Amino acid sequence: APLLEARGLVRTHHGEGGPVHAVRGVDLTVRRGEFVAVTGPSGAGKSTLLHLLGGLQRPDDGTVLLDGESTDDYTEARWAVERRRSIGIVFQFFNLVSNLTVADNVELPALLAGSSTRHARAERERLLTELGLAAKARSMPGELSGGEQQRVALARALVNHPRLLLADEPAGSLDSRGTREVMRLLSRFHRRGQTIVLVTHDARLASAADRVISFFDGRITDDVTLGDDGPAA
Ligand code: ADP
Ligand code: ADP
């Protein structure tokens with residue numbers, strides 16, 4: 001079975017201005033090892049789609065399947081377990097715990113998932129070194145630049161070796177240098193086999209992916225896969 005599948009997903013928000021049909025019927029299959037970018041203008045429904053895929057919001061209709069298993073009957077607690085163990089998520093505004101050190105932010109999900117202190121520490125060291133943050137381990141998130149904070153968020157998202165990484169406008173609050181850095185890191189983890197679904201309005205960021213899905217007004221309007229050995233531009 002594919003790693004992730006969406007069938008007929010629908011989600012309507014009920015705001016003050018009346019119903020907003022954010023996701024209007026989405027079918028999507030993501031296979032292991034793919035790096036998929038969902039791109040489209042602000043308000044297209046990309047973020048809502050990502051929230052549905054990660055169980056942060058529930059669909060009004062349709063189903064999300066993980067490894068072929070329907071999540072229809074998942075409780076909030078079950079989704080929380082999935083997000084701890086098998087789905088890592090990074091957000092535009094990092095969402096780090098501001099009163100914990102960088103090291104503790106990265107280690108926390110490993111401890112919550114039941115890793116030993118020793119294992120959690122080893123994983124944290126490995127990722128912080130890999131992401132060029134070893135010297136920042138004792139810093140507080142607020143002392144770091146935006147780009148550094150996003151790298152911490154990435155380390156935290158990856159510490160439990162999730163099967164799936166979801167990224168919601170991960171460069172949305174970064175400058176162009178930070179954006180390039182995020183692209184480089186996502187590409188690197190993808191080359192090592194990490195499955196990634198990225199949503200972004202930034203076509204440049206989306207170009208790091210090997211499959212680009214265009215999203216407009218709650219629907220997929222295009223889906224282009226660039227073959228691994230495809231057009232040698
Ligand atoms: P951001 O745009 O910063 O990503 P979120 O999408 O996380 O913000 O939304 C923050 C909160 O506001 C959430 O509870 C979300 O459901 C709600 N929200 C987002 N957009 C709207 C909207 N247009 N109308 C009402 N609530 C909204
Ligand atoms: P995108 O990520 O493509 O910018 P979103 O999924 O954030 O799109 O939003 C899609 C539409 O749904 C927008 O019109 C947004 O204002 C609206 N929306 C998002 N979240 C909420 C919410 N919690 N309540 C009401 N409207 C929302």
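Note that ligands are numbered from 1 as they come in the structure, with each ligand's atoms numbered from 1 the same way. Everything numeric here is computed off the predicted structure, so don't read it as measured data.
Each of the following atoms of ligand 2 lies closer than 4.0 Å to a heavy atom of A22: 10 (C), 12 (O). Proximity to P41 (heavy-atom distance under 4.0 Å) selects the following atoms of ligand 2: 3 (O). Those atoms of ligand 2 with a heavy atom of A44 less than 4.0 angstrom away are 1 (P), 3 (O), 8 (O). Residue S42 approaches ligand 2 through these ligand atoms, each under 4.0 Å from one of its heavy atoms: 4 (O).
Within the 4.0 Å heavy-atom shell around ligand 2 one does not find G218.
Checking E123 against H161 by side-chain atom types alone, a donor-acceptor pair falls below 3.5 Å. There is no side-chain donor-acceptor pair under 3.5 Å between S42 and H201.
Where the criterion is an N or O separation shorter than 3.5 Å, residue side chain and backbone included, G43 meets it with respect to ligand 2. Between G45 and ligand 2, at least one N/O pair is under 3.5 Å apart. Close N/O approach between H13 and ligand 2 is found [any backbone or side-chain N/O within under 3.5 Å].
Of the inter-residue distances, the one linking F215 atom CZ with I220 atom CD1 reads 6.5 Å to the nearest 0.5 angstrom. Taken from CG in L133 to CD in E130, the straight-line distance is 10.5 Å, to the nearest 0.5 Å.
Proximity of V20 to ligand 2, defined as any heavy-atom pair under 4.0 Å, is confined to the side chain (atoms from C-beta onward).
Annotation: Y74, atom OH; neighbour count of heavy atoms from other residues, nucleotides and ligands within 6.0 Å is above 12.
For R24 (side chain) and D217 (main-chain N/O), a donor-acceptor pair under 3.5 Å exists by modelled atom type.
Of the residues listed (I89, V30, D168, L165), the one engaging V197 in a side-chain contact (heavy atoms from CB on, under 4.5 Å) is V30, and it is the only one.
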